[in-house]
Amino acid sequence: EPSLKSRYIQEDVGFGLVPMCEIAKRIGVSTPVMDAFITLCGKINNTDYRKSGLTLEKLGLNDITSAKSLLDRLKISNKFSFIKLNKIKN
């Protein structure tokens, strides 16, 4: 039976959307729909995915403050490549 508490939702939101949104925010890319989905799933599942998920801090990337440095560390050439990469995966 489909459920928002499925392993796929739990993992995809906490370990997929959360880090993508954090990276996007750090490099200046707005993610309103992804942010809304994280919030909605969190409310439905009574889980704070932004705390329990994979954050930049947990990835060891929180100390990187510039967009360029973060993209360099992730081996992404620019923010447009990041956007294109995420469109392909979705």
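These numbers were taken from a predicted model, which means no experiment stands behind them.
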Does Asp35 have any salt bridge (charged side-chain N to carboxylate O under 4.0 Å, His left out) partners at least two apart in sequence or in another chain, and if so, which? Arg50
Cluster question for you: counting only ILVMFWY and a side-chain heavy-atom cut-off of under 4.5 Å, with indirect links fine, are Val18 and Ile44 together? yes
Hydrophobic clusters here meaning ILVMFWY residues chained together by side-chain heavy-atom distances under 4.5 Å, can you tell me if Met20 and Tyr8 are in one? no
What distance do Ile23 atom CD1 and Thr31 atom OG1 have between them, rounded to the nearest 0.5 Å? 11.0 Å
Got a second to check how far Tyr49's OH is from Lys43's NZ, nearest 0.5 Å? 12.5 Å
Would you say NZ of Lys58 has more than 12 non-hydrogen atoms from neighbouring residues, nucleotides or ligands within 6.0 angstrom? yes
Evaluate whether atom CG of Asp63 has more than 12 neighbouring non-hydrogen atoms of other residues, nucleotides or ligands under 6.0 angstrom away. yes
Counting distance only, does the side-chain N/O of Glu22 pair as donor-acceptor with the main-chain N or O of Thr55 below 3.5 Å? no
Test item: Asp12 and Leu17 side chains (from C-beta on) under 4.5 Å apart, heavy atoms: no
What are the two closest non-hydrogen atoms of Leu61 and Arg26, and how far apart are they? O-NH1, 3.8 Å
Minimal non-hydrogen separation, Pro19 against Gly14, with atom names: CD-O, 3.7 Å
